[in-house]
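Below is one structure, written out as structure tokens; the observations come after it.
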Amino acid sequence: MRRLAVAAVLMTTSVAAVEVTLAGPAQAAGWVRPLENYTTNGGYTGPRPGHNGVDIIAPPGTDIRAASGGVVEQAYWDDGCGWYVGIRHSTNEGTLYCHMISPPLVSVGQSVSTGQVIGHVGSTGDSGTPHLHFQTHVGTTTDENNTTDPMTFMSARGVNLAGGNPPPTNPPPSGGPYNVTTFANAPGYASATSTTQTGTLNAGTNYVYCKYWGRNVGNSTSYNHWWLKTDLDTGSPWQNQYVSAYYLNNWGNDEALTDNGVSIPSC
């Protein structure tokens, strides 16, 4: 996903990360996940030409929260990040929040507290589906040279971006597995955000363990963001993989129900 550079005052295009000059002290108190109820499996690959942050998929309009207290240094539009916010924290650490659905709820120079809502998830800028692109930086600017892996950065501050309730492993959780029927062979993936196929779940009656909100599958009229954890019929690895709920035979858009109409629990 391409991101453009934005200087501290002037907006200029390049393939660098959004750049923010961080100036002046700010008080930070504690750290939290930027999306309270949504998590990510990672995706940071390093400074450009890698991927400078992690993408956290969530429904449009989901609250985006300041990961820690600080001062807003950027609250603008960028062709790559869309509507975005850059925050400077107390120890010359910066965080960046991209693809907001509309202009940010905060303004440049405003102090924000840990967990304060600063905007809402969208898909503005260079984005294919509603999500938050979240970056972490160490230094006096947020540019491509000082990005750091958000998973590691946040973990060092007591926050697990992968969430405190990881997907279950065999045996399945109490109450499952759950029977579902798929109308076609469903490609399997290692996570709800992966695009690398690991195998196939054959059409027909199958069992699943739980559901996880992820990338959209389908089109403008028929679609589903839910992914179902299951064991594939073919592939390697085949256990504890994910298939899209789009392939369920009986239900509609963004539904993940058993053949009996029971809501499949979240992972």
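When side chains are defined from C-beta on, N240 counts as touching Y209, because their heavy atoms get closer than 4.5 Å. The shortest side-chain heavy-atom distance between Y247 and P187 falls under the 4.5 Å cut-off. Residues P34 and Y97 meet the side-chain proximity criterion, which asks for heavy atoms closer than 4.5 Å. Using a 4.5 Å heavy-atom cutoff, the side chains of I56 and H131 are not in contact. Contact annotation: the side chain of R215 approaches that of Y189 to within less than 4.5 Å [non-hydrogen atoms, C-beta and beyond]. Within the 4.5 Å cutoff, side-chain heavy atoms of P104 are placed close to those of W83. A 4.5 Å side-chain heavy-atom check between I87 and I118 finds at least one atom pair inside the cut-off. Using a 4.5 Å cut-off on side-chain heavy atoms (C-beta onward), I57 and T193 make contact.
Remark: D231 CG to N206 CG distance equals 10.0 Å, nearest 0.5 Å. Summarising the geometry, atom OG belonging to S107 is positioned 12.5 Å from atom CD belonging to Q74; distances are rounded to the nearest 0.5 Å. A distance of 11.0 Å separates OG1 in T95 from CD in E73, rounded to the nearest 0.5 Å. Here the CG-CD distance, from N146 to Q135, works out to 9.5 Å after rounding to the nearest 0.5 Å. Of the inter-residue distances, the one linking I64 atom CD1 with Q116 atom CD reads 13.0 Å to the nearest 0.5 angstrom. In this structure, SG in C98 is found 10.5 Å from CG in D126, a value given to the nearest 0.5 Å.
Look at K211 and E255 and you find no salt bridge, because none of the NZ, NE, NH1 or NH2 atoms lies under 4.0 Å from a carboxylate O.
Between the side chain of D254 and the backbone N or O of H225, at least one donor-acceptor pair lies under 3.5 Å. Side chain of R65 to main chain of T114: no donor-acceptor pair is present (N/O by atom type, distance under 3.5 Å, no hydrogens or angles). Counting only distance, with no hydrogens or angles, the side chain of H89 and the backbone of G69 share a donor-acceptor pair below 3.5 Å. Using modelled atom types, one side-chain atom of H99 and one backbone atom of T124 make a donor-acceptor pair closer than 3.5 Å. Panel note: side chain S244, backbone V217; no donor-acceptor pair is recorded below 3.5 Å. N179 places no side-chain N or O within 3.5 Å of a backbone atom of Y207 that could act as its donor or acceptor partner. Judged by distance alone, with hydrogens and angles left aside, the side-chain atoms of S194 form no donor-acceptor pair with the main-chain N or O of S191 at under 3.5 Å. Within the 3.5 Å criterion, the main-chain N or O of A203 finds a donor-acceptor partner in the side chain of N185. S155 places no side-chain N or O within 3.5 Å of a backbone atom of V159 that could act as its donor or acceptor partner.
Taking hydrophobic clusters as Ile, Leu, Val, Met, Phe, Trp and Tyr residues chained together by side-chain heavy-atom distances below 4.5 Å, V243 shares a cluster with L257. Cluster annotation: V262 is not connected to Y212 through the hydrophobic network of ILVMFWY side chains, with a link wherever side-chain heavy atoms come within less than 4.5 Å. Two different hydrophobic clusters hold V32 and L96 under the rule that ILVMFWY side chains link at heavy-atom gaps under 4.5 Å.
The minimum heavy-atom distance between W77 and G125, with the atom names listed, is CH2-N, 3.7 Å. Listed here is the closest heavy atom pair of F153 and H137: CE1-O, 4.1 Å. Listed here is the closest heavy atom pair of V112 and A66: CG2-CB, 4.1 Å.
Taking S220 as the reference, nothing meets the side-chain contact (heavy atoms from CB on, under 4.5 Å) condition, with sequence neighbours excluded. Q197 pairs by the side chain to side chain donor-acceptor pair (under 3.5 Å) definition with T200, not counting sequence neighbours. With sequence neighbours excluded, the residues that form a side-chain contact (heavy atoms from CB on, under 4.5 Å) with S111 are V71. Residues forming a side-chain contact (heavy atoms from CB on, under 4.5 Å) with P237 (at least two apart in sequence, or on another chain): T198, Q241. By the ring-ring contact (aromatic ring centres under 6.0 Å, His included) test, Y223 is found to be paired with no residue, residues two or more places apart in sequence or in another chain being considered.
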Are T230 and L201 close enough, and set up right, to give a side chain to side chain contact (heavy atoms under 4.5 Å, CB included), and what steps lead you there? CA-CA 9 Å; T230 186; L201 183 71; 4.3 Å; yes
Begin with the C-alpha distance, continue with both residues' side-chain angles, and end with the deciding distance and a verdict on side chain to side chain contact (heavy atoms under 4.5 Å, CB included) for M100 and V85. CA-CA 9 Å; M100 293 180 177; V85 167; 3.5 Å; yes
Side chain to side chain contact (heavy atoms under 4.5 Å, CB included) evaluation trace for T129 with N216: CA-CA 7 Å; T129 192; N216 185 45; 4.0 Å; yes
Let's go through H133 and Y84 carefully: what are the C-alpha distance in whole Å and the side-chain angles of both, what is the deciding distance for side chain to side chain contact (heavy atoms under 4.5 Å, CB included) to 0.1 Å, and is it a yes or a no? CA-CA 9 Å; H133 175 83; Y84 78 98; over 6 Å; no
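None of T147, D149, T136 except one satisfies the side chain to side chain donor-acceptor pair (under 3.5 Å) rule with N52; the exception is T147. With W213 as the fixed residue, the ring-ring contact (aromatic ring centres under 6.0 Å, His included) test singles out one of Y242, W227, W226: W226.
Defined by atom type and a distance below 3.5 Å, a donor-acceptor pair is missing between the side-chain atoms of N249 and T182. Side-chain atoms of N260 and T258 form no donor-acceptor pair, as typed in the model, at a separation below 3.5 Å.
Grouped by direct or indirect side-chain proximity (heavy atoms under 4.5 Å, Ile/Leu/Val/Met/Phe/Trp/Tyr only), L105 sits with V117.
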